[in-house]
Amino acid sequence: MVSRRNKEQQKTNSISDYRSDFPILTREVYGQPLVYFDNGATTQKPRCVLETIQRFYNEINANIHRGVHKLSDESTLEYENAREVVRGFLNARKSSEIIFTSGATASLNLVAFSFGEVFVSQGDEVLVTEMEHHSNIVPWQLLCERKGAKLKVLPFDENGELILDELPKLLTPKTRIVAVTHVSNTLGTVNPIAEIVRIAHSQNVPVLVDGAQGVKHGIVDVQQLDVDFYAFSGHKIYGPTGIGVLYGKEEWLDRMVPWQSGGDMIATVTFAKTTFNELPFKFEAGTANYIGAVGLVTALTYYSRIGIEAATSYEGELLQYAIERLSEIDGLTIYGNAREKAAIISFLLKDIHPYDTGMVLDKMGIAVRTGNHCTQPVIDHFGIDGTVRASLAFYNTFEEIDRLYDALVKIKAMFG
Amino acid sequence: MSVNDIQNAIIDEFSIFDNWMDRYQQLIEYGKELLPIDERKRTEQYLIQGCQSKVWLDAELRDGKIYFTADSDAIITKGIVALLIKVLSGRTPDEILNAELYFIDKIGLKENLSPTRSNGLLAMVKQMRMYALAFKTKLEQAG
């Protein structure tokens, strides 16, 4: 076992070397070095992101788009530059197609409301999939209730792969939008987005992609994928919390109504009528999280410099190793065996309750998530109450997976 | 034995363990020994919904004392449920309402009874007190 690990480590040593950029990863919990396997919930932040945020508050901070003074100019420039960096990161055509939000959930709600108000009416249909996070189910459910529309669901199979053959059958002349996750936060499944878009577009149905987990898994090129909307959160890709992105094709965004209203998103206001600002400001009411945006692009730049494909490929090796090792434990079941799978492993250890496993892992210094992961339909699909989820990032190591293995063997004996 | 006598006895019992693993092992034993709640009561009506683990709780009044039966789907939660029952079952409503539960903290299981852990235990303690209050009112009206 040791030799195999060492061989694999040599091959990819350069990636996990970046681990030292993350100050929190040196801390201990309960007297043991922290093993952080809850990256699906949030990722840790590299020093450069922390320094950017501090520098901004120390040197530049001023509200954007309003000021007549030097600091406000600099602040606005940095914010709009951040938008341009995100545009480049996603390869969007125009920076006005990039809207800053508070996170993926806000981005999804924005589309469900602003798109839904204009394009969804009574009797229409919205298609989601069985593996969506609640954030990509509930806003559509609320829309359907509001409009008298119908929510339809594309199912997945026993491996956790969407049953694509069903997709053409579920698309009807009444389907207004398809909302699908890029990567399942519970099963790790990487969905064939380009293929889904091709099928949906052949019926003139736009596609929204929840990229909360997907954005850090390989390079996302929204033009190549031809998605109509792509949503993600900053904090799941090494950036700060409270900042997120919605990419939308201009042709859709232009025709959508504003979601929240207030400062910055208006052109003129009288008590008789308000006219709205142009894209992207139409969708950015109130003081934007400009420091979050600047922190986010520092993270995106950092991640790009490491090499997104190199990081993803290293995470794939970690995943493979974790699957191999965990499968050595008799009675351990892994949920989600898609052919294309991101570094997320959901499992149960015999009949031990996931909360019990998670609590003891915590005591051993290993942070995982337990429960339904905000995907109750996924958990119900397998007829279980929840899983233990280890979600990995490029700063994790093969030794940490060995620690998980050792811990699980102990836990199995403890509860046996 | 008073509520505090039992709490102190539990603290004594756990004090012989010098590491968390043995303490948890002991909890697991408690969890295993707790008689499961009547299958008919493992229903929504008796359920205290935690996000992470479920707890079922029922109470009945006999001769002025409250007897609790409870269960959980997670064994560590169940172990703590068993301890709470050991301390609070067979008590008068006033004893339950006046009880200050310090043993959880003292045996190093504080994080299990914290509002940040949505495991149903804190809600269970609240529910036990609610039963005590309800039965107290009932007794006073009858008396």
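None of the values given here were measured: they were computed from a predicted structure.
Heavy-atom contacts from other residues, nucleotides or ligands closer than 6.0 Å to CG of B/D12 number more than 12. The local environment of NZ in B/K65 is sparse, with at most 12 non-hydrogen atoms from other residues, nucleotides or ligands closer than 6.0 Å. Heavy atoms from other residues, nucleotides or ligands lying under 6.0 Å from CG of B/D63 number 12 at most. In B/E44, the CD atom is not crowded: 12 or fewer heavy atoms of neighbouring residues, nucleotides or ligands sit closer than 6.0 Å.
Within the 4.5 Å cutoff, the side chain of A/D385 has heavy atoms near those of the B/K54 side chain. In this structure, B/M21 and A/K363 have side chains that are not in contact, with every pair of non-hydrogen atoms separated by 4.5 Å or more. At a threshold of 4.5 Å between non-hydrogen side-chain atoms, the residues B/K32 and A/F415 do not count as touching.
Closest approach of B/I76 and A/D356 over heavy atoms only: N-OD1, 2.8 Å.
Looking at B/I75, the atoms closer than 4.5 Å to chain A (heavy atoms on both sides) sit in the backbone and in the side chain alike.
Here the straight-line distance linking atom CG of A/D362 with atom CH2 of B/W20 works out to 9.0 Å at 0.5 Å rounding.
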